[in-house]
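Naming convention: chains lettered A, B, ... in sequence-line order (proteins, then strands); numbering from 1 in each chain.
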2 protein chains.
Amino acid sequence: MGPRAEEVDGLHIVREIPHVEIFTTERRWMGTSNGGGRPKVLTVPNINQSIVEVDYAVRGELAIRAEELRKQLEKSPGSLPFKQIVTCNIGNPQQLAQKPITFFRQVSALVDYPDLLEEKNESFTKQLFAEDAIERAHQLLKAMGGSSGAYSHSQGIPLIREHVAKFIEERDGFPSDPEDVFLTAGASPGVQLVLHTIMAHPKVGIMIPIPQYPLYTATISMYEGNAVSYFLDESAEWGLSVDELERSYREATRKGLDVRAMVVINPGNPTGGCLTQENMRGIIDFCHRNNMVLLADEVYQANVYEPKSLPFHSFKKTVKSMGPQYDDLELISFHSVSKGMVGECGRRGGYFECSGVDPEVKEMFYKVCSISLCPPVQGQVMVDMMVKPPKKGEPSYEVYKEEVEGVYESLKRRALKLADALNKLEGVTCNPAQGAMYLFPQIRLPQSAVQAAEKAGRKADEFYCLELLNATGVCVVPGSGFRQRDGTWHFRSTFLPPEKEMDAFISNIATFHSNFLKKYSS
Amino acid sequence: MGPRAEEVDGLHIVREIPHVEIFTTERRWMGTSNGGGRPKVLTVPNINQSIVEVDYAVRGELAIRAEELRKQLEKSPGSLPFKQIVTCNIGNPQQLAQKPITFFRQVSALVDYPDLLEEKNESFTKQLFAEDAIERAHQLLKAMGGSSGAYSHSQGIPLIREHVAKFIEERDGFPSDPEDVFLTAGASPGVQLVLHTIMAHPKVGIMIPIPQYPLYTATISMYEGNAVSYFLDESAEWGLSVDELERSYREATRKGLDVRAMVVINPGNPTGGCLTQENMRGIIDFCHRNNMVLLADEVYQANVYEPKSLPFHSFKKTVKSMGPQYDDLELISFHSVSKGMVGECGRRGGYFECSGVDPEVKEMFYKVCSISLCPPVQGQVMVDMMVKPPKKGEPSYEVYKEEVEGVYESLKRRALKLADALNKLEGVTCNPAQGAMYLFPQIRLPQSAVQAAEKAGRKADEFYCLELLNATGVCVVPGSGFRQRDGTWHFRSTFLPPEKEMDAFISNIATFHSNFLKKYSS
């Protein structure tokens with residue numbers, strides 16, 4: 001294995017410049033099916049070490065083990081101490097039976113099979129689809145030149161970008177330009193594109209929150225940048241202080257890094273916390289003062305449950321509210337159809353909006369998008385639905401409203417219920433679920449559990465989560481996958497199991513936890 | 001602008017190691033809307049120069065100009081010497097009115113809106129959808145856990161990968177393992193993933209055909225590898241000789257490059273040529289002998305028109321037919337739903353199959369896929385349709401057969417017609433269209449046209465294509481976008497305009513060409 005991320009002073013994780021002196025690649029001898037064997041051209045030691053080094057826990061070892069157990073249950077249903085795998089490792093609401101929004105799917109189906117819109121089928125179609133869904137499908141088909149099977153504009157279908165800009169304007173009360181909007185295949189490829197573009201040299205630093213969503217460390221590692229950690233304050237509902245930002249920036253700069261951007265995730269993933277507006281203004285001023293780009297991951301903007309954090313305030317709105325002297329801040333904001341009450345993860349739809357970004361740099365973004373031709377049109381359609389849902393008075397409005405409110409209220413109830421239950425467990429503390437789809441409880445583990453983990457070659461939270469999975473079928477992600485303060489252990493769980501299963505889910509965790517503590521208390 | 005690709009001896013384009021000595025990034029002073037101004041953090045000179053250097057002509061300047069003209073026509077219809085833009089710059093069949101396959105779209109719509117499958121809607125749905133489409137939708141929904149809105153397995157839905165493996169087995173007569181199949185968002189992200197993984201150090205070389213599809217040069221440049229050119233032989237219907245491969249490999253190795261992989265595009269893009277089986281065996285033996293991975297871009301496998309190249313022979317089949325001593329060749333084959341008679345570009349669906357690849361390297365592929373969560377589910381559904389279309393005796397078979405044959409025969413007629421017409425133009429020669437969706441005619445331009453182009457700061461073929469666009473609305477891509485032998489000029493045109501428009505399309509090109517020659521003959 002190649003060089004790995006290095007821990008500096010136990011806090012700042014700074015990636016070393018990759019070592020690439022070896023120009024004659026090693027060839028590894030491997031047996032093959034024909035009994036002979038020859039060296040493989042590609043082996044882990046001789047491929048791109050920036051890829052080898054990447055850690056990605058959300059779909060990592062625990063998820064793979066969960067899949068194995070799922071297959072085992074399928075084959076021999078009685079062979080495990082539980083009946084099903086509960087995948088709380090990933091914010092994937094429709095996997096856990098969240099119903100899609102009817103209007104969104106009606107439009108999707110009509111765009112997919114436009115024969116339904118033909119006169120000969122009219123009488124049946126009108127029985128099955130709402131009038132405004134039919135109208136929207138016509139509008140979208142026209143905007144895409146007649147077929148969802150054609151490549152679209154690489155930046156996204158112009159009409160849909162107009163709708164995105166209008167949505168942002170109505171949300172924030174400040175102008176938005178469709179030319180600043182890039183439609184993407186979910187938020188992740190947008191984040192990857194922007195980070196890749198920023199990596200001008202091996203000393204570029206990107207400030208990221210700890211704990212963080214591992215997309216960020218993975219992408220920074222893959223593109224050979226340096227993750228510069230700033231710590232969220234668990235004791236202050238995962239808020240952050242400008243002092244901590246200054247400390248992080250100062251130390252990274254002292255180490256010779258060129259800190260060019262800062263990532264903020266709000267509402268937080270994995271923390272579930274929401275930033276106060278004072279916090280947000282502090283971040284903006286900090287970035288502006290230190291000449292940094294601000295990357296605002298706002299994919300959970302519709303998942304805000306805490307009354308004091310409502311309505312959602314975007315970073316764009318906050319910047320624009322701070323007066324013209326902040327207008328030139330380079331801000332890139334990400335959104336997605338995978339979260340919120342939409343929950344359409346499988347479609348891969350999302351967008352980012354650039355604000356204050358040099359037009360020539362936007363041209364570079366466009367060029368890279370064009371190499372992959374276009375974002376998935378079905379994802380783009382879903383972006384259109386998200387930013388322009390049925391309005392009051394339109395035929396689908398009442399059903400839409402009921403569905404959205406139903407999902408929202410249910411998420412909120414489940415968040416509160418799970419947080420309450422976790423806080424009742426011995427040695428577990430959990431901040432309130434202000435937003436997003438996750439809780440990130442801290443678990444205090446007995447010394448003998450930590451030792452047993454060490455013996456098994458695992459971090460203590462990995463060990464805990466693996467035992468939880470094996471005992472209950474509940475799959476969560478160890479805190480170490482998101483990074484955390486040394487000496488603390490956490491896990492991240494979604495609160496997405498269906499409401500009727502929540503009590504059993506919680507009781508399974510509670511029983512496991514108490515057994516685990518008993519087992520390792522001596 | 002940063003360092004650019006360097007021409008070595010006029011033939012071999014070898015990218016230099018990027019210069020990254022400057023760790024203090026330059027900041028450029030820019031005016032802003034508030035009248036003040038401050039340096040931008042991100043400017044073209046100080047972002048990732050590997051991205052700045054990328055050339056991508058297919059959706060480059062000409063495509064942007066075409067879009068401007070399209071907008072102008074929309075605003076003031078009579079203001080240009082033509083009525084519409086004919087986008088022959090990109091293989092995008094449904095943009096040019098190719099009808100999607102009915103069965104494929106029926107299944108897509110049902111998967112998108114499963115309410116249609118509920119008992120209460122049955123009577124209407126059965127009027128609108130074929131029985132086997134309903135059955136397939138049920139099967140797919142089950143395979144994806146009930147909803148197309150959930151993230152799938154990062155490697156792709158297992159059932160669809162099984163269908164892909166079965167398709168490959170039936171096509172080739174050799175086994176295929178679903179675990180070796182990765183579903184992707186079209187072929188392009190698969191190619192990018194594999195090339196990125198191979199780039200272990202700055203001296204990695206990847207052999208690519210010239211002319212080539214610019215995805216390859218763009219990706220190699222973006223991931224800081226070195227494109228090693230081998231030339232296809234225009235005088236031999238774009239075939240290739242092993243001598244030329246040996247020459248290219250030898251010279252690159254002599255320059256210190258570690259040549260680790262070879263890209264073959266068959267049927268060819270932009271050439272439209274099909275390799276002979278002798279050629280293919282020569283390539284395989286060459287890669288095997290020199291310890292290289294073979295990357296086979298076979299996205300046009302259903303677009304073979306030349307009887308002597310039928311049925312399509314994949315590289316996988318050819319390798320397996322050559323005996324067990326070639327079994328260990330590392331072969332990665334790419335396919336897509338965007339081409340063939342499917343033509344579903346907008347959905348972003350595709351796959352690659354690994355053969356002979358180290359299992360640990362496949363794990364790395366999986367890890368990178370998992371960072372972007374999953375390929376678009378709607379694209380995966382289309383892969384399922386492509387590899388498992390209706391069979392004889394099934395309700396949708398007759399319609400399916402008629403549609404596919406209709407598209408195929410029409411493509412073939414248009415290919416022959418356009419090639420014929422181009423060969424009749426003065427100074428133009430065009431190889432027969434054996435496959436794919438393109439022709440790549442050579443155009444011999446008068447000296448004064450070359451001079452006029454130089455004066456305008458353009459390559460002669462760019463100049464020609466821009467004049468063609470401005471005069472006729474026909475958008476093609478200059479040969480220089482694909483690279484070509486020095487001193488020759490080409491363009492790539494699809495033959496996708498609808499049949500009823502082909503005569504006008506051809507006559508527009510012919511008139512323009514003759515006027516162009518007249519204008520620059522003196």
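Taking A:A218, A:S108, A:S188 one by one and counting their heavy-atom pairs under 4.5 Å with chain B, the maximum is reached by A:S108. Contact tally against chain A (heavy-atom pairs below 4.5 Å) for B:M144, B:H288, B:Q380, B:Q98: the top residue is B:H288. Counting heavy-atom pairs closer than 4.5 Å to chain A, the top-ranked of the candidates B:G145, B:P100, B:S148 is B:S148. For the options A:R347, A:E363, A:E344, heavy-atom pairs under 4.5 Å to chain B are most numerous at A:R347. Among A:G349, A:S123, A:G346, the residue with the largest count of heavy-atom pairs under 4.5 Å with chain B is A:G346. Taking B:V337, B:N121, B:T219, B:V357 one by one and counting their heavy-atom pairs under 4.5 Å with chain A, the maximum is reached by B:N121. Comparing A:H196, A:M199, A:M382 by how many heavy-atom pairs each has under 4.5 Å with chain B, the most go to A:H196. Note on B:P189, B:G356, B:P93: by heavy-atom pairs under 4.5 Å with chain A, the leading option is B:G356. Taking B:T125, B:L329, B:L128 one by one and counting their heavy-atom pairs under 4.5 Å with chain A, the maximum is reached by B:L128. The greatest number of non-hydrogen atom pairs below 4.5 Å with chain B, out of A:A109, A:A97, A:G186, A:G379, is found for A:A109.
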(request) Kindly indicate, with the supporting measurements, whether the criterion side chain to side chain contact (heavy atoms under 4.5 Å, CB included) is fulfilled by A:K99 and B:D115. (result) CA-CA 11 Å; A:K99 268 214 63 156; B:D115 286 20; 3.6 Å; yes

(message) Run B:I198 and A:I47 through side chain to side chain contact (heavy atoms under 4.5 Å, CB included) and show every step you take.
(response) CA-CA 5 Å; B:I198 296 179; A:I47 58 174; 6.0 Å; no

(message) Using the rule given for side chain to side chain contact (heavy atoms under 4.5 Å, CB included), can you reason through A:Y113 versus B:L110, listing the C-alpha separation, both sets of side-chain angles and the distance that settles it, and then say yes or no?
(response) CA-CA 9 Å; A:Y113 186 42; B:L110 291 166; over 6 Å; no

(request) Evaluate the side chain to side chain contact (heavy atoms under 4.5 Å, CB included) criterion for residues B:F129 and A:L116: first the C-alpha distance (whole Å), next the side-chain angles of each, then the deciding distance (0.1 Å), finally the verdict. (result) CA-CA 10 Å; B:F129 296 88; A:L116 295 171; 4.0 Å; yes

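B:K120 does not touch chain A: none of its heavy atoms, backbone or side chain, sits under 4.5 Å away. Contacts between B:Q106 and chain A at a heavy-atom distance below 4.5 Å involve backbone atoms as well as side-chain atoms. For chain B, the nearby parts of A:V293 are the backbone and the side chain; heavy atoms of each come within less than 4.5 Å. Contact annotation for B:Q192: only side-chain heavy atoms (C-beta onward) come within less than 4.5 Å of a heavy atom of chain A. In this structure, chain A has a heavy atom under 4.5 Å from the side chain of B:S338, while its backbone stays farther away. For B:F104, no part lies near chain A; criterion is any non-hydrogen pair under 4.5 Å. At a 4.5 Å heavy-atom cutoff, the contact between A:P376 and chain B is made by backbone and side-chain atoms alike. Only the side chain of A:P114 has a heavy atom closer than 4.5 Å to any heavy atom of chain B. Heavy atoms of A:R348 lying under 4.5 Å from chain B belong exclusively to its side chain. Only the backbone of A:V111 has a heavy atom closer than 4.5 Å to any heavy atom of chain B. The contact between A:E330 and chain B is made entirely by side chain atoms (from C-beta outward), counting heavy-atom distances below 4.5 Å.
Put simply, CG on B:D358 and NZ on A:K40 are 7.5 Å apart, with the number rounded to the nearest 0.5 Å. Here CG of B:N92 is found 8.5 Å from OG of A:S147. Values are rounded to the nearest 0.5 Å. From A:H153, atom NE2 reaches atom CD of B:E67 across 5.5 Å, with rounding to the nearest 0.5 Å. Between A:N48 atom CG and B:Y223 atom OH the span is 10.0 Å, to the nearest 0.5 Å. Remark: B:M222 CE to A:I371 CD1 distance equals 4.5 Å, nearest 0.5 Å. Distance check: B:F365 CZ to A:I51 CD1 gives 8.5 Å after rounding to the nearest 0.5 Å.
Among all heavy-atom pairs drawn from B:G91 and A:Y151, the shortest one is O-CE1, 3.5 Å. The two residues B:R260 and A:N46 make their nearest non-hydrogen contact at NH1-O, 2.8 Å. Taking both residues in full, the closest heavy atoms of B:V44 and A:E360 are given as CG2-CB, 3.5 Å, listed atom of the first, atom of the second, then distance.
Side-chain atoms of B:K367 come within 3.5 Å of backbone atoms of A:V54 as a donor-acceptor pair (strictly under, hydrogens ignored).
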